[in-house]
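Just so you know, ligand 1 is whichever comes first in the structure, and atom 1 is the first atom listed for that ligand.
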Amino acid sequence: MPYFPPDNKEFNSLRHVMLMYGNANTPWTQHDLKYYVAYCNEHHREDDWLYDSFLFLNVKSSSGRDLCADINLGTSMAGEGDFFAMVSPNPANKKDWIELLDFYLGEQGALHTLDAEIDQAQRNIGKPYGAKRNVVLMLPYPHLTQESFGDLDGTILDFSINKQNLAQATRQRLKAEKWFVDEIAARFKARTYKHVHLLGVYWMFETVYRGWNVDDHWLLKELRTHIHLHGLKFLWIPFWSSYNVHLLDEYQKYYFDLAFLQPNFMFYAKGKGVGDAARAARKRNAGIELEYYLELQEPVTIENERHPRFRDYLNGGVTYGYMNHAACAHFQGVGSLQRMHSHPDPQEREFYDDLYHFIKGDYKLKSAIPRPSTDKRDCALAVDLGGTQLRAAIVSDCGEIVERKSIATPPTKDAIISAIIDLLKKLNGEVERLNISITGIGVSTGGRVDFAEGVVVDSTALLADWKEAPLRALLTSAMRLPTVIDNDGNCAALAEQMFGDGRSSSNFISLVLGTGIGGGVVVNDEILRGANNAAAELGHISIDYDGPLCSCGNRGCVELYSSGSGLARLARDRAEAGNLTLPTSSPDQITAQLVGEAARNGNEEAALLVEQGGRMLGYAVSGLINTFNPERVILSGSLLNLGEEYLRAFRDAVDERAMKTARESALIITSQLSDSPLLGAAALVFENRPPRRAQ
Ligand code: BMX
Ligand code: ZN
């Protein structure tokens with residue numbers, strides 16, 4: 001599932017909507033609005049267009065009564081605590097709601113001033129802005145404590161259940177909301193704004209609650225129907241907490257037309273990063289909110305991390321693709337963008353320029369700002385057991401390999417296990433010197449793995465004795481660290497998802513071309529594990545039903561032609577039959593790399609094998625593209641060193657064989673990660689405690 005896309009015509013091409021917190025006592029002035037309408041130069045003059053959409057919202061009326069429900073009390077990033085229906089002791093009444101209407105749509109209201117400012121900006125900028133600028137207006141909340149809202153059609157509305165049942169109270173609350181929407185529509189129509197399009201209305205309360213005294217589920221469903229009668233959209237920006245995340249899942253079905261996931265990454269000392277928020281937004285077809293909060297005078301737990309985190313938000317737009325592929329909401333607290341523009345601190349000023357580029361869609365990754373924290377770096381001990389090499393490393397939570405060791409894969413199960421423990425102990429001995437802390441152990445291995453139990457179930461001939469190995473239990477007791485184990489193909493996909501090109505796509509296929517062919521499939525942001533974690537053995541797709549027997553039991557598996565072991569086997573057979581001459585007479589020394597080298601040096605038989613390897617892989621991947629319709633196919637592993645011919649033949653076969661529609665959307669790329677299974681082993685550890693630092 002993609003993000004909620006920008007430039008959606010039904011939403012008047014909305015891309016970036018700025019939250020404009022205001023206050024009836026201080027109406028918006030043209031001077032204040034210009035920093036949002038336009039990118040202003042150092043002389044405070046409009047130089048280029050900036051936000052295309054504006055969400056006006058006021059929390060309190062001029063008399064201090066509450067226009068909206070307080071939000072998210074008692075919840076934390078980890079989803080602790082609970083929501084409860086808000087009981088404002090001082091709820092706004094009809095008079096306050098009318099004041100809000102005047103604030104938005106009065107003669108000198110926010111929309112009037114915005115329209116005038118756009119007019120002026122147009123003269124100064126001298127180029128058109130495309131679609132009309134959007135406005136979205138917050139609806140006030142009908143508080144349950146409001147027993148005497150004011151008169152509508154001759155009755156004084158009562159929102160409480162003190163003198164009536166819940167259905168009666170909810171109907172009265174709905175009546176007030178419908179009236180407010182009607183007023184917005186009528187007043188907007190009555191004025192003629194030149195540059196402003198009324199896109200919709202916004203619901204401030206961040207959960208949809210039903211309890212003994214409140215039924216916002218029914219209220220919102222009915223209200224949305226009414227909003228649609230006016231041709232308006234209903235928008236929402238809920239906090240991504242464990243409580244209401246399921247409401248976000250189906251927001252379009254029941255309540256809202258467009259929701260932005262609110263990460264709250266800016267406000268909690270520990271918790272999920274922007275990458276997780278981005279993935280969660282994609283899963284739900286939501287937009288995403290960026291939070292600035294640069295200088296707001298409120299106790300913020302991460303006071304000294306505001307700048308690094310804001311950099312993470314901007315970088316995340318590139319890394320996770322939301323800069324150009326998602327509708328974005330921008331939370332700036334009160335007026336922080338304007339302060340950034342004229343700030344004496346050059347870092348703040350740089351952020352202003354960066355935001356301008358972000359909105360234009362051409363912001364480039366900048367290096368992450370180092371965290372002031374003196375904490376030890378969080379790392380994992382990672383192991384990758386392949387058919388040829390056993391490797392182990394210390395990997396940091398931003399995917400950096402801090403220390404590594406490797407040996408040739410031992411031949412027996414017992415020898416493998418003691419070699420793994422030996423490598424891990426050696427690495428663990430480095431912890432003090434490196435000033436790191438180890439969160440856990442992740443193991444990436446060939447073969448079928450019982451993921452839940454941490455047991456290697458069985459293997460092909462590439463790891464002949466690697467069966468029924470209760471690896472997690474053994475490592476946990478030897479190392480006294482939590483351990484997670486998965487198949488190496490899955491691990492590589494996980495590494496792409498956490499550190500590589502998988503960060504910006506929800507559907508991709510990863511192939512590790514080594515001794516064998518490791519496969520991993522990500523569908524809708526989830527690794528496809530199957531019924532018992534045996535899915536995605538992509539090396540064992542048969543492309544020749546009558547071909548040679550594979551150690552998996554099938555015939556003609558693609559791994560027999562296109563992997564390192566497959567190419568070496570074919571070359572050995574040909575050399576023995578006298579059809580291939582390689583610069584060695586010993587069959588044991590024939591490897592895929594040797595075949596590649598010979599091919600690059602003009603050996604035609606060797607070149608034919610390399611070409612066939614690439615082509616056969618292309619046939620198998622064509623089927624995968626038709627099956628999974630991925631956004632990307634990410635190739636990694638040592639076989640990429642075979643030479644251009646392997647990749648060219650692969651691409652040609654895919655172009656020739658995959659179905660057109662699926663082929664068009666599948667980008668074939670080589671991984672940017674140097675060691676995806678090893679990084680994936682670390683990713684297993686970090687999966688439930690994702691990285692804090694940006695790439
Ligand atoms: C084999 C199979 C897969 C593995 C792939 C890549 C075993 C031992 N291995 O197809 O599970 O993902 O090789 O492994 O059954 P590598 O040895 O190339 O790393
Ligand atoms: Zn096979």
Handout entry: For T460, the ligand 1 atoms whose distance to one of its heavy atoms is below 4.0 Å
Key = 7 (C), 8 (C), 9 (N), 15 (O)
Handout entry: Atom indices of ligand 1, in the order listed, that fall short of 4.0 Å to a heavy atom of L462
Key = 1 (C), 13 (O)
Problem - Residue H540 atom name (nearest to the Zn ion (ligand 2); N/O/S) - result: ND1
Exercise for the section: Report, in ascending order of atom number, the atoms of ligand 1 lying under 4.0 Å from any heavy atom of G386. Expected result: 17 (O), 19 (O)
Exercise for the section: Kindly identify the option in E537, K467, H540 whose heavy atom sits closest to atom 3 (C) of ligand 1. Expected result: E537
Fill in the blank from the handout: Within 4.0 Å of some non-hydrogen atom of E559, the atoms of ligand 1 are 1 (C), 10 (O), 13 (O)
Problem - Pair T388-T515, side-chain donor/acceptor within less than 3.5 Å - result: yes
Handout entry: ligand 1 to N487 polar contact by distance, N or O atoms, under 3.5 Å
Key = yes
Problem - Donor-acceptor contact present, side-chain E559 to main-chain H540, <3.5 Å - result: no
Exercise for the section: May I ask you to decide whether E250 forms a salt bridge with R284, counting only side-chain N to carboxylate O separations under 4.0 Å? Expected result: no
Problem - D486/R529 salt bridge by N-O under 4.0 Å criterion - result: yes
Problem - Lys/Arg-Asp/Glu bridge criterion (N-O < 4.0 Å) met for K283, D525 - result: no
Practice task
May I ask you to check if R632 and F508 form a cation-pi contact, with NZ or CZ under 6.0 angstrom from the six-membered ring centre and within 45° of the axis?
Solution key: no
Problem - Nearest neighbour of atom 14 (O) of ligand 1 from the list D488, N490, D458, D384, on a heavy-atom basis - result: D488
Exercise for the section: With heavy atoms only and a cut-off of under 4.0 Å, state how T515 meets ligand 1: side chain, backbone, both or neither. Expected result: both
Problem - Heavy-atom closest pair, residues S444 and C491 - result: CB-SG, 3.4 Å
Completion exercise
One should read off an interatomic distance between S505 OG and I634 CD1, to the nearest 0.5 angstrom, of 5.5 Å
Handout entry: Residue selection (non-hydrogen contact nearest atom 6 (C) of ligand 1) among C491, G447, A464, G518
Key = G518
Exercise for the section: Output yes when R555 and D544 qualify as a salt bridge under the 4.0 Å nitrogen-oxygen rule, no when they do not. Expected result: no
Fill in the blank from the handout: Of all protein heavy atoms, the one nearest atom 17 (O) of ligand 1 is G387 N, 2.8 Å
Problem - ligand 1 to G516 polar contact by distance, N or O atoms, under 3.5 Å - result: yes
Exercise for the section: Starting from atom 5 (C) of ligand 1, locate the nearest protein heavy atom and write down its residue, its atom name and how far away it is, to 0.1 Å. Expected result: I517 O, 3.5 Å
Exercise for the section: Provide the number and element of each atom of ligand 1 under 4.0 Å from a heavy atom of R448. Expected result: 11 (O), 15 (O)
Practice task
With the Zn ion (ligand 2) at the centre, find the angle made by SG from C557 and SG from C550, to 10°.
Solution key: 110°
Exercise for the section: Apply salt bridge (Lys or Arg N to Asp or Glu O under 4.0 Å) to the pair R572 and D588, showing each step before the final yes or no. Expected result: CA-CA 8 Å; R572 249 175 253 133; D588 287 355; 5.7 Å; no
